[in-house]
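What follows is a set of notes on a single structure, which appears directly below.
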Amino acid sequence: LIKDIWGRIFISSPETTDVIHHPIQSTDDFVHYHFPPPKNFFWDNIARWKEQSPFFTACQIDIGFSMMVELIGFERLVFSLKDERSKLFTFIKNFHDFASEMVDMAIEKGADCTWLADDFAHNLGTFISPKDLLETDFQYIDLLTKRAHRRGLPVNLHACGRITDVIDSLISTGIDSLMGIQPAAGNNIYELHSKYHNHLTFIGNLDLNELLTFGSLLEVNLLVKEL
C-alpha cells in the first residue's frame with residue numbers, strides 16, 4: 001500500500017495501480033481538503049532535462065475531471081454535480097488556485113511548455129455533459145492557458161477519448177495543441193487538421209488498442225511516417 005502526496009492510498013504492482021482510498025470521502029471535504037504545497041513536488045527533473053538534454057521540456061500538470069475523479073471518486077463526483085453543486089464548485093475553485101500555482105512553479109523551474117492533462121472522455125463521448133464540462137473544467141483550462149501565455153509559454157492539453165463533440169469548446173480555451181486524438185474513439189486527425197489547422201495543432205492519432213499493443217515495429221514506423 002502506498003499513500004501519495006495527494007492523500008490517495010493505492011495498491012501498486014508491476015501490472016497495475018489501483019486507488020483504494022480517495023482523500024475526499026464526503027461532500028464536507030470539498031471545503032476542507034488541503035491541496036499539497038506545490039513546492040513539495042519533485043521539480044528537479046525539469047532542470048535536469050533542460051541542462052542535460054537538447055529536448056523541448058514540457059511539464060505535465062494533472063487537472064480537471066480526471067484528477068477530480070482521482071481525489072473524489074467517479075460516483076461521488078457525478079452525484080455531487082447534481083446534489084452538492086455549490087460545495088463542489090468551491091472545491092473546483094480551490095483546485096484551480098492550486099493548478100495556477102503549479103503552472104507558475106513549472107515556468108519558474110524552466111519548462112518550455114505547460115502540458116495540461118485531463119481525461120474527460122471515453123471512446124463514445126464525454127463522461128459528463130458538455131455543459132457541465134464547460135462549467136467545471138474548460139473555463140479553468142482557459143484561465144490556466146491565459147496564465148501560461150502571459151509568461152510566454154505554449155500550452156498543450158492531453159485528453160484521451162472522443163473529443164470531437166467538444167472540439168469547439170476546447171479551441172475556445174486558447175490551447176496551442178491537443179494531444180491524444182485516439183482513432184479508436186472516433187477521432188480522425190486528418191479531418192480535424194483540415195477543419196481546425198488554423199486554430200490548433202493536433203498530436204497523436206496512434207492506435208493504442210491494436211497497433212501500439214500488438215503491431216510490429218515496421219507497422220508503427222509506417223504509420224508514424226504517414227502522419
For this session: Determine, stepwise, if the pair Q182 / C160 fulfils side chain to side chain contact (heavy atoms under 4.5 Å, CB included).
Result: CA-CA 7 Å; Q182 292 174 272; C160 289; 3.2 Å; yes

Test side-chain hydrogen bond (donor to acceptor under 3.5 Å, both in side chains) on Q139 and D137; report intermediate values, then the result.
CA-CA 6 Å; Q139 66 167 316; D137 204 335; over 6 Å; no

Show, in sequence, the C-alpha distance, side-chain angles and deciding distance for N156 and S177, and conclude whether the side-chain hydrogen bond (donor to acceptor under 3.5 Å, both in side chains) test is met.
CA-CA 5 Å; N156 175 78; S177 57; 2.7 Å; yes

*How far apart are the C-alpha atoms of F127 and H122, what are their side-chain angles, what is the distance that settles it, and do they pass the side chain to side chain contact (heavy atoms under 4.5 Å, CB included) test?*
CA-CA 7 Å; F127 287 109; H122 50 80; 3.7 Å; yes

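Annotation: F55, atom CZ; neighbour count of heavy atoms from other residues, nucleotides and ligands within 6.0 Å does not exceed 12. More than 12 heavy atoms of other shown residues, nucleotides or ligands fall within 6.0 angstrom of atom CZ in R85.
The aromatic ring centroids of F120 and F138 lie less than 6.0 Å from each other. Aromatic ring centres of W49 and F56 lie farther apart than the 6.0 Å criterion allows. A distance of 6.0 Å or more separates the ring centres of H193 and F202.
For the pair S194 (side chain) and Y190 (backbone), a donor-acceptor distance under 3.5 Å is absent. A donor-acceptor contact shorter than 3.5 Å links the side chain of T90 to the backbone of S86. Although no hydrogens or angles enter the test, the distance criterion places no donor-acceptor pair under 3.5 Å between the side chain of R8 and the main chain of D4. Proximity of a side-chain donor or acceptor of N187 to a complementary backbone N or O of G161 within less than 3.5 Å is detected. One N or O on the side chain of W43 and one on the backbone of P38 form a donor-acceptor pair closer than 3.5 Å. Between the side chain of D176 and the backbone N or O of V155, at least one donor-acceptor pair lies under 3.5 Å. Between the D29 side chain and the H32 main chain, no donor and acceptor come within less than 3.5 Å of each other. H158 places no side-chain N or O within 3.5 Å of a backbone atom of L116 that could act as its donor or acceptor partner.
With salt bridges taken as basic N to acidic carboxylate O contacts below 4.0 Å, none links D44 and K109. The pair D97-K93 meets the salt-bridge criterion, since a charged nitrogen lies less than 4.0 angstrom from a carboxylate oxygen. Salt-bridge annotation for K131 and E135: present, with a side-chain N of the basic residue lying under 4.0 Å from a carboxylate O of the acidic one. For the pair E108 and K39, the salt-bridge criterion is not met [side-chain N within less than 4.0 Å of a carboxylate O].
The ring pair (Phe, Tyr, Trp, His ring centres under 6.0 Å) test applied to H21 returns no partner, not counting sequence neighbours. The ring pair (Phe, Tyr, Trp, His ring centres under 6.0 Å) search around Y33 returns F35, not counting sequence neighbours.
At least one side-chain heavy atom of L200 sits less than 4.5 Å from a side-chain heavy atom of I167. At least one side-chain heavy atom of I107 sits under 4.5 Å from a side-chain heavy atom of R151. With contacts defined as side-chain heavy-atom distances shorter than 4.5 Å, the pair K146/T173 does not qualify.
For the atom pair OG1 (T57) and CH2 (W115), the distance works out to 12.0 Å, reported to the nearest 0.5 Å.
Residues I203 and L192 fall into different hydrophobic clusters, defined by Ile, Leu, Val, Met, Phe, Trp and Tyr side chains chained together at heavy-atom separations under 4.5 Å.
Contact detail for S66 and D119: the closest heavy-atom pair is OG-N, 3.0 Å. Heavy-atom minimum distance, P154 versus D112: CD-O, 3.3 Å.
Ring pair F98/F41 is tilted by interplanar angle, where 30° to 60° counts as tilted.
Screening V220, V224, L218 for a side chain to side chain contact (heavy atoms under 4.5 Å, CB included) involving L222 leaves a single residue, L218.
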